[in-house]
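Worksheet: one structure, shown below.
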2 protein chains.
Amino acid sequence: MSETKGSFTAASIRQEAQRLFAARGYAAVSMREIADAVGIRAGGLYNHFATKQDILRDLMTGHLGELLAAWDVTDPVNDTAEARLTAFARFHIRFHFEKPDAVFIAYMELRNLEPENFAAVEVLRRNYEGRLRAIFEAGAGKFCLEDSAVATRAMIAMLTGVTTWYKPGGRLSIDEVEEIYINMARRSVGLPALTKAPDEQGGTRHV
Amino acid sequence: MSETKGSFTAASIRQEAQRLFAARGYAAVSMREIADAVGIRAGGLYNHFATKQDILRDLMTGHLGELLAAWDVTDPVNDTAEARLTAFARFHIRFHFEKPDAVFIAYMELRNLEPENFAAVEVLRRNYEGRLRAIFEAGAGKFCLEDSAVATRAMIAMLTGVTTWYKPGGRLSIDEVEEIYINMARRSVGLPALTKAPDEQGGTRHV
DNA sequence: GTCTATATGGAGATAGAC
DNA sequence: GTCTATCTCCATATAGAC
């Protein structure tokens, strides 16, 4: 059966495949490795996913669907465009901190998707981009930018990049890194950095 | 012989491997495919590279070495930090437009490097990051940023991202995209967008 | 330096017992 | 739903003729 969605084993396959794909890449991970991690034999995987490709597609569409849904319930739609932009940047960074494996796969494994699956994933990815672009367009005149489509891609690339280097336990806390990225994102479209409450330390400074 | 550096065949292997690795990924490309693209049999590859891994290492260290060397002859070291930052952003974008395959491999195939090769590549990558960080630190007080190491990574991620979507022949020319990215990079660290000569069109505007 | 031929291993996927 | 066993194919890499 392809994708028996409810079962515990299917969830375990998703989890272990996600971990392995993120660590070493889809093409480099074998079905036997996934099965070993789950604790079954390779043949057993095929009770849940018809092909290895189906696992990848399931992970990517599932992740991007969750990302979109999570933003749509976070977006302060009745607030100012400036506030919505800040909320978007904060949401994007936090989501990426919380689900680094899913995020990594979503942008590293696009080329391993078969054409039909790639098209489906692209729709979701473009929808997410569209959410940010809509904020830029809703705030026309409030931002300083040359092109909303390019600014969208540039900003998402910048924010997503945090996953490639940040590891907990380093010099900076997650909250500190988040603040820095939000301020860079805001400044990149002409907004001032966020100001902090007077009793806090470590606000924006000139170096 | 591992890596007969001067031969025409070795150069052709590098070129075809780079194209194939960029398009479909190191793990998904076979030595037979590379050989076919070069016009020899698979066994003949081993006269030039001892292993498939050696081809990848050669491509990545070669690219990063070129990137560093090219920047070091471009850097206007005696100019202001602001001018050097703008020069860096422009250089980075142009280099990435000109060598998209090499760039793509350099940041997508890190996890397919064996530990020793990964370490060597990381040294080069960190050196390049260090060039930008040094500009931020040389211009202390002129930029508005919270942390030079984080700003370096965020800015490079933003600039590099252009390779993931830009295709010639679209709505915007390379020069237009370059200008937009440079302005976003400048604003992200507190600098004003570049002003254009009065007779030119399409300068920074508010949308 | 390239060829043909091959060694050796592992890949994705399937069949059928339980 | 998982198992064992296996099919078929292709991977990296090597040996030795030319």
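Residue numbers start from 1 in every chain, and the chains themselves are labelled A, B, ... in the order their sequence lines are given, proteins ahead of strands. As the structure is a computational prediction, the values presented were derived from the model and not from experiment.
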### Task
Could you check which of D/dT12, C/dG1, C/dG12 has an atom nearest any side-chain atom of B/Ser30?
D/dT12
#### Entry: d(CZ, B/Phe49; P, C/dG1) in whole Å
12 Å
### Message
Between C1' on D/dA13 and CZ on B/Arg41, what's the gap in Å once rounded to a whole number?
### Response
17 Å
### Task
Using a strict cut-off of less than 4.0 Å between a Lys/Arg side-chain nitrogen and an Asp/Glu carboxylate oxygen, indicate whether B/Arg126 and B/Glu122 qualify as a salt bridge.
yes
## Note on the structure
Result for 5'-nearest mapping on DNA chain D, choosing between A/Arg32 and A/Ile40, is A/Ile40
### Message
Need to verify one output field. Residue with the more 5' nearest nucleotide on DNA chain C, B/Ala42 or A/Gln53?
### Response
B/Ala42
### Message
For the CE atom of B/Met158 and the CE atom of B/Met184, what is their distance to the nearest 0.5 Å?
### Response
5.5 Å
### Task
Could you state the atom-to-atom distance from CE of A/Met31 to P of D/dC9 in whole Å?
19 Å
### Query
NA contact type, B/Val29, heavy-atom cut-off 4.0 Å: base, sugar-phosphate, or nothing?
sugar-phosphate
### Summary
When rounded to whole Å, the OH to P distance for the pair B/Tyr46 and C/dA7 reads 17 Å
### Query
What integer distance in Å separates B/Asp54:CG from D/dT14:P?
11 Å
### Task
Quickly work out the B/Glu33 CD to D/dC10 P distance and round it to whole Å.
11 Å
### Message
Tell me the interatomic distance from A/Leu45, atom CG, to C/dG12, atom P, rounded to whole angstroms.
### Response
10 Å
### Message
Name the residue from A/Tyr128, A/Phe95, A/Phe88 that meets the ring-ring contact (aromatic ring centres under 6.0 Å, His included) definition with A/Trp71.
### Response
A/Phe88
### Query
In terms of side-chain geometry, is the basic nitrogen of A/Arg57 or A/Glu109 positioned less than 4.0 Å from the acidic oxygen of its partner?
no
### Message
I need the NZ-P distance between A/Lys52 and C/dG10, as an integer number of Å.
### Response
15 Å
